Protein chains: 2
Amino acid sequence: MLSFTEENYLKALLHLTMEFEDKVEAGTNELAFYLGVKPATATDMLKKLKEKKLIQYEKYGKISLSETGRKKAIEILRKHRLWETFLYEKLEFTWDEVHEVAEQLEHIHSPKLVDKLDKFLGYPEVDPHGDSIPNAKGELKQSFKKTLSEVETGTSCKMVAVKDNTAAFLQYVSKLNLRIDTTIQVLSRQDYDGSMELLISGSKIMVSQKFAENILIV
Amino acid sequence: MLSFTEENYLKALLHLTMEFEDKVEAGTNELAFYLGVKPATATDMLKKLKEKKLIQYEKYGKISLSETGRKKAIEILRKHRLWETFLYEKLEFTWDEVHEVAEQLEHIHSPKLVDKLDKFLGYPEVDPHGDSIPNAKGELKQSFKKTLSEVETGTSCKMVAVKDNTAAFLQYVSKLNLRIDTTIQVLSRQDYDGSMELLISGSKIMVSQKFAENILIV
DNA sequence: CTAATTATTTAGATTAACCTAACAATTTTA
DNA sequence: TAAAATTGTTAGGTTAATCTAAATAATTAG
Ligand SMILES: [Mn+2]
Ligand SMILES: [Mn+2]
Ligand SMILES: [Mn+2]
Ligand SMILES: [Mn+2]
């Protein structure tokens with residue numbers, strides 16, 4: 001049985017090796033920074049995870065998940081996203097509140113619980129942030145979506161997910177009346193700083209490039 | 001914030017100081033045995049819990065919960081029983097499966113989660129084992145119920161809870177068609193070993209004294 | 001292609017939660 | 001009430017997960 005901490009390392013590695021289409025490895029510092037620990041700490045854990053055959057790793061080399069490591073990580077991601085969906089759909093949590101609690105709930109060990117929860121929620125495909133939920137077989141629909149910042153001026157698109165999961169960002173998105181499935185029309189763009197003028201359900205708003213880079217669209 | 005382990009010690013102390021009406025203290029060995037650790041380990045933790053003002057304790061003396069310690073312990077008990085109820089009522093778990101998972105879920109930290117869960121479940125008063133669920137104010141209806149072994153021969157009673165929460169016992173109870181609210185008629189009793197002949201919804205069964213001592217009735 | 005910079009590992013500590021073995025206090029029993 | 005039994009504590013370790021400081025490898029830049 002994996003410890004809470006080991007699970008977090010695997011989850012972090014899954015995240016870091018899926019950041020963009022061709023990224024399949026991570027570095028020690030990158031991992032340590034992501035987890036909020038010192039590189040020396042990460043090195044110790046990497047040795048242990050290698051020992052347990054959960055990762056591929058050689059001293060001074062890059063890190064990637066093994067097949068079993070990836071399986072484990074996806075299980076945790078599945079639990080995380082199912083719990084977020086539960087909190088959002090059944091317990092009236094807002095989308096900026098669910099992540100923190102799911103960080104704890106994802107470590108509950110009980111295969112029966114996960115599958116019953118999935119059933120109870122009606123086998124949802126995406127979580128409250130628009131992220132795809134791995135199914136019971138451990139299959140994850142991974143699609144690398146375009147961001148709002150890449151949309152051509154004058155065209156329309158639909159928001160399908162968010163990239164940033166911090167409460168601050170999510171609350172701001174909500175305040176702008178943006179949510180999953182909202183149609184966005186790009187009216188204009190400032191060459192100077194990349195900020196964009198948008199039309200959302202009748203009202204015009206202005207957003208920064210940084211903001212637009214965290215809205216995923218289709 | 002209390003650790004997982006500290007929470008388990010407090011919960012154990014709450015249990016041990018509520019075993020019967022006049023029991024308000026526990027001993028080091030008793031506590032250690034209940035938690036499955038060595039007495040030396042318990043002594044260490046007792047010092048820490050005393051330091052944090054969660055218990056009353058003097059070297060070589062008896063242990064009892066402080067007001068804050070009791071509050072904390074009841075919060076955990078509340079979570080435990082609400083989660084058991086959730087698993088049983090919403091996720092189709094059987095009553096012998098819920099405890100193990102609730103042992104993990106009870107340590108999730110989120111005041112909002114507990115209260116939303118309570119609301120979602122319709123503010124249940126008892127868990128699947130008939131145990132009273134503390135309310136949001138931390139009030140616990142504690143009633144010391146009679147056991148089936150104390151019922152007079154020839155009279156009837158109603159099962160309201162079970163004392164033993166092990167899967168083996170609960171499965172056996174189910175197999176005998178006994179559940180919360182079942183009416184039990186005591187037909188006869190063996191002087192020799194205290195075993196009892198019961199009438200349950202039309203069929204006669206024989207149970208041991210040990211068994212009868214773990215069925216709570218009214 | 002060396003020197004500077006960056007990335008990573010090693011060495012040596014710390015803390016929480018556990019253990020065993022030995023010792024000390026308390027309670028029971030004869 | 002003294003010996004025996006029980007209960008509880010202390011001393012000294014271990015392991016997992018963390019840290020800081022120092023050393024080393026790899027990469028980048030001039
Ligand atoms: Mn999340
Ligand atoms: Mn999410
Ligand atoms: Mn239980
Ligand atoms: Mn229960």
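Please read all numbers here as calculations on a predicted model, not as lab measurements. To find a chain, count down the sequence lines: A is the first, B the second, and so on, and within it residues start at 1.
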Asks: Salt bridge (Lys or Arg N to Asp or Glu O under 4.0 Å) with B/E6: which residues, sequence neighbours excluded?
Replies: B/K48, B/K52
Asks: Describe the nucleic acid contact of A/T41 in one word from base, sugar-phosphate, nothing, applying a heavy-atom distance below 4.0 Å.
Replies: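 Base contact.
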Asks: Reading nucleotides 5-10 of chain C from the 5' end, what letters show protein touch, with B for base, S for backbone sugar-phosphate only, - for no heavy atom under 4.0 Å?
Replies: --SBBB
Asks: Between P on D/dT9 and CG on B/L49, what's the gap in Å once rounded to a whole number?
Replies: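 Result: 13 Å.
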Asks: Of all residues at least two apart in sequence or in a different chain, which pass the salt bridge (Lys or Arg N to Asp or Glu O under 4.0 Å) check with A/D44?
Replies: none
Asks: Rounded to the Å, how far apart are B/K50 NZ and D/dT9 P?
Replies: 11 Å
Asks: Holding to ring pair (Phe, Tyr, Trp, His ring centres under 6.0 Å), I want the full list of residues that pass it with A/H129, two or more places apart in sequence or in another chain.
Replies: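 A/H129: no ring pair (Phe, Tyr, Trp, His ring centres under 6.0 Å) contacts found.
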Asks: Let's see if you get this right: which residues in residues 6-18 of chain A place a heavy atom under 4.0 Å from DNA chain D?
Replies: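 Within residues 6-18 of chain A, the residues near DNA chain D are A/Y9.
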Asks: Cut-off 3.5 Å, no hydrogens considered: what does the side-chain donor-acceptor table look like for residues 159-175 of chain B, sequence neighbours left out?
Replies:
residue, atom, partner, partner atom, Å
B/D164, OD1, B/T166, N, 2.8
B/D164, OD1, B/T166, OG1, 2.9
B/D164, OD2, B/T166, OG1, 3.4
B/T166, OG1, B/F169, N, 3.4
B/Q171, NE2, B/D96, OD2, 2.7
B/S174, OG, B/W95, NE1, 2.9
B/S174, OG, B/L170, O, 3.1

Asks: Determine all donor-acceptor pairs shorter than 3.5 Å in which one atom belongs to a side chain in residues 55-65 of chain A; sequence neighbours excluded.
Replies:
residue, atom, partner, partner atom, Å
A/Q56, OE1, A/S64, OG, 3.2
A/E58, OE1, A/K50, NZ, 3.2
A/E58, OE2, A/K50, NZ, 2.9

Asks: Starting at NZ of A/K52 and ending at C1' of D/dT15, how long is that distance when rounded to a whole Å?
Replies: 12 Å
Asks: Mind checking what makes salt bridge (Lys or Arg N to Asp or Glu O under 4.0 Å) contact with A/E125, not counting sequence neighbours?
Replies: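 Applying salt bridge (Lys or Arg N to Asp or Glu O under 4.0 Å) to A/E125 gives A/K141.
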Asks: Write down the distance between NZ (A/K38) and C1' (C/dT14), rounded to a whole number of angstrom.
Replies: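 In whole Å, C/dT14 C1' lies 16 Å from A/K38 NZ.
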Asks: Salt bridge (Lys or Arg N to Asp or Glu O under 4.0 Å) with B/E100: which residues, sequence neighbours excluded?
Replies: none
Asks: Check whether the side chains of B/S143 and B/K145 place a donor and an acceptor atom closer than 3.5 Å, and report yes or no.
Replies: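 On atom types as modelled, these side chains qualify, holding a pair under 3.5 Å.
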